[in-house]
Amino acid sequence: MAETTPPAPPDLAAAYEQAKLEINRLRRRLDAEGMLRPWQVELLKLQQHLEAQNLRMIVLFEGRDASGKGGAIRRVARYMNERHCRVVALGRPTAEQRSQWYFQRYVAAFPTGGELVLFDRSWYNRAMVERVFDFCTADEYHNFLRGVTGFEKDLTRQGTILVKLYFSVTRAEQARRFERRRTDPLRQWKLSEIDLQAQDRWDDFTNFKYEMLRRTDTRPAPWVIIRSNDKQLARLNTMKVILGAVDYKDRSADLDFTPDPRIVVAGVDEVALMEAERRRLGRFTG
Ligand code: ADP
Ligand code: MLT
């Protein structure tokens, strides 16, 4: 009869180390969330100001997959009054929507007086993801780039406050986040067909990102780039940028509202950085 080896005793020391690591991870997370609170209080004041003055505001969040848009939006919206703050994430267009003016379904979700609308992706889908995956024709893409600046100019001239944020991650960081989506059961739902191709199509995305920033960074509607490899810093600085866009009442005198220049870059400067890189290497990498 074959001898059976007795089961190995549980490795308590290893389990203990594992638990300690997990507790530390949770503690760091709690600290990070808590750190945002003073700015979240300010965001509430901003919202109340919009309400009191009957102002309309749109903040749009663009960026590649896994760039952290969703997480930042959740932190911004966290304590807001849901009656006056909406998050809009439109899915792929239906046949009916496809037959409409391109901007129509977005406009349908625009704010009325006193409202703040946060767009998780936006009409800029046409400038990147739709173009990369041929969800639109080359003509539709060119028409979009030609029309969008005037569209935004009119929107802002008529009083809507518009903030355009582009979340920027590095290729390696995106790969790391996808890997976590693959392996973490709590994140698997986030992994889409499109995500699976984002790494392969990295350079295409970069080229269209460059065109988008170059063509649509305007004085009435400039782009703000948020370097989002560090999620916590990206979220905090997103809040600072939004708070800087409105002159609301009772702003805290002791809080730091200055965006960190390592994290927040103006659209024109990003374009210049990309051009310098292309001159140096003959191609884009970011
Ligand atoms: P998300 O990053 O928002 O979780 P996906 O990565 O699946 O979603 O898709 C990225 C974007 O591409 C979404 O805004 C989605 O609506 C859009 N999209 C996906 N398929 C199509 C399509 N066939 N036509 C137009 N847009 C599409
Ligand atoms: C993204 O950037 O893909 C989405 O915002 C999901 C996220 O990172 O939360």
Side-chain angles (χ1 to χ4, degrees), residues 58-77 86-110 117-145 147-148 151-152 162-171 173-209 211-213 216 223 225-229 231 234-235 238 286:
I58 294 174
V59 184
L60 66 82
F61 293 72
E62 279 297 337
R64 299 177 203 246
D65 284 312
S67 58
K69 307 180 291 292
I73 290 170
R74 278 193 294 281
R75 270 60 178 199
V76 168
R86 282 183 287 125
V87 177
V88 175
L90 300 182
R92 60 174 75 168
T94 62
E96 189 185 351
Q97 287 166 337
R98 240 187 277 273
S99 76
Q100 299 171 342
W101 175 48
Y102 176 69
F103 290 110
Q104 195 160 331
R105 65 187 189 126
Y106 295 100
V107 172
F110 274 15
V117 175
L118 308 174
F119 275 94
D120 184 347
R121 299 184 171 280
S122 68
W123 48 97
Y124 281 100
N125 262 14
R126 183 141 287 182
M128 291 187 68
V129 77
E130 290 195 13
R131 185 71 184 93
V132 170
F133 292 111
D134 286 328
F135 296 148
C136 68
T137 65
D139 261 1
E140 286 171 327
Y141 168 77
H142 291 297
N143 278 333
F144 170 79
L145 284 183
V148 67
F151 171 73
E152 290 173 0
L162 175 63
V163 176
K164 303 195 296 190
L165 303 176
Y166 182 90
F167 277 56
S168 150
V169 279
T170 56
R171 187 172 188 170
E173 179 60 20
Q174 187 191 51
R176 206 182 62 77
R177 291 181 188 179
F178 284 155
E179 188 50 32
R180 203 169 54 183
R181 286 182 183 184
R182 248 190 293 276
T183 51
D184 179 346
L186 289 178
R187 294 178 200 269
Q188 261 158 26
W189 63 273
K190 291 189 186 180
L191 196 64
S192 73
E193 279 300 309
I194 290 192
D195 294 0
L196 296 172
Q197 299 179 58
Q199 286 270 303
D200 291 340
R201 308 299 294 272
W202 183 270
D203 292 339
D204 292 334
F205 269 104
T206 307
N207 286 326
F208 290 121
K209 168 192 170 186
E211 280 306 315
M212 176 179 87
L213 295 180
T216 67
W223 279 104
I225 315 301
I226 307 283
R227 301 251 183 269
S228 58
N229 268 18
K231 284 187 176 183
R235 290 166 188 169
T238 293

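When a residue number appears, it is its place in the shown sequence, counting from 1. Computed from a predicted structure; not experimentally measured. Atoms within each ligand, like the ligands themselves, are counted from 1 in listed order.
One option in Gln97, Arg92, Arg64 has a heavy atom closer to atom 16 (O) of ligand 1 than any other, and that option is Arg92. The option from Tyr124, Phe135, Phe133 that lies nearest to atom 23 (N) of ligand 1, judged by heavy atoms, is Phe135.
Side-chain contact between Leu118 and Arg74 is absent, with no heavy atoms from C-beta onward closer than 4.5 Å. Two residues are said to be in side-chain contact when any heavy atoms from C-beta on lie closer than 4.5 Å; Lys209 and Met128 meet this criterion.
Atoms of ligand 1 lying under 4.0 Å from at least one heavy atom of Val129, given by number and element, are 11 (C), 12 (O). Taking every non-hydrogen atom of Asp65 and a distance limit under 4.0 Å, the qualifying atoms of ligand 1 come out as 2 (O), 6 (O). Close approach of ligand 1 to Gly91 is summarised as follows: ligand atoms under 4.0 Å from at least one heavy atom of the residue are 16 (O). Near Asp195, the atoms of ligand 1 lying under 4.0 angstrom from a non-hydrogen atom of the residue are 6 (O).
For the ring-ring contact (aromatic ring centres under 6.0 Å, His included) test, residues two or more places apart in sequence or in another chain that qualify with Phe167 are Phe61. Applying the ring-ring contact (aromatic ring centres under 6.0 Å, His included) test to Tyr102 and every residue at least two apart in sequence or in another chain returns Tyr106, Phe144.
The two residues Ser168 and Arg227 have their closest heavy-atom pair at OG-NH1, 3.4 Å.
At a heavy-atom cutoff of 4.0 Å, ligand 1 is contacted by the side chain of Arg121 but not by its backbone. With a 4.0 Å heavy-atom cut-off, ligand 1 is reached by no atom of Cys136. Using a 4.0 Å cut-off between heavy atoms, Asn125 contacts ligand 1 through its side chain alone, with no backbone atom that close.
Side-chain N or O atoms of Gln188 include one that pairs as donor or acceptor with a backbone N or O of Arg182 at under 3.5 Å.
For ligand 1, none of its N or O atoms has an N or O atom of Lys190 under 3.5 Å away.
Taking the centre of each ring, Tyr166 and Tyr124 stay at or above the 6.0 Å mark.
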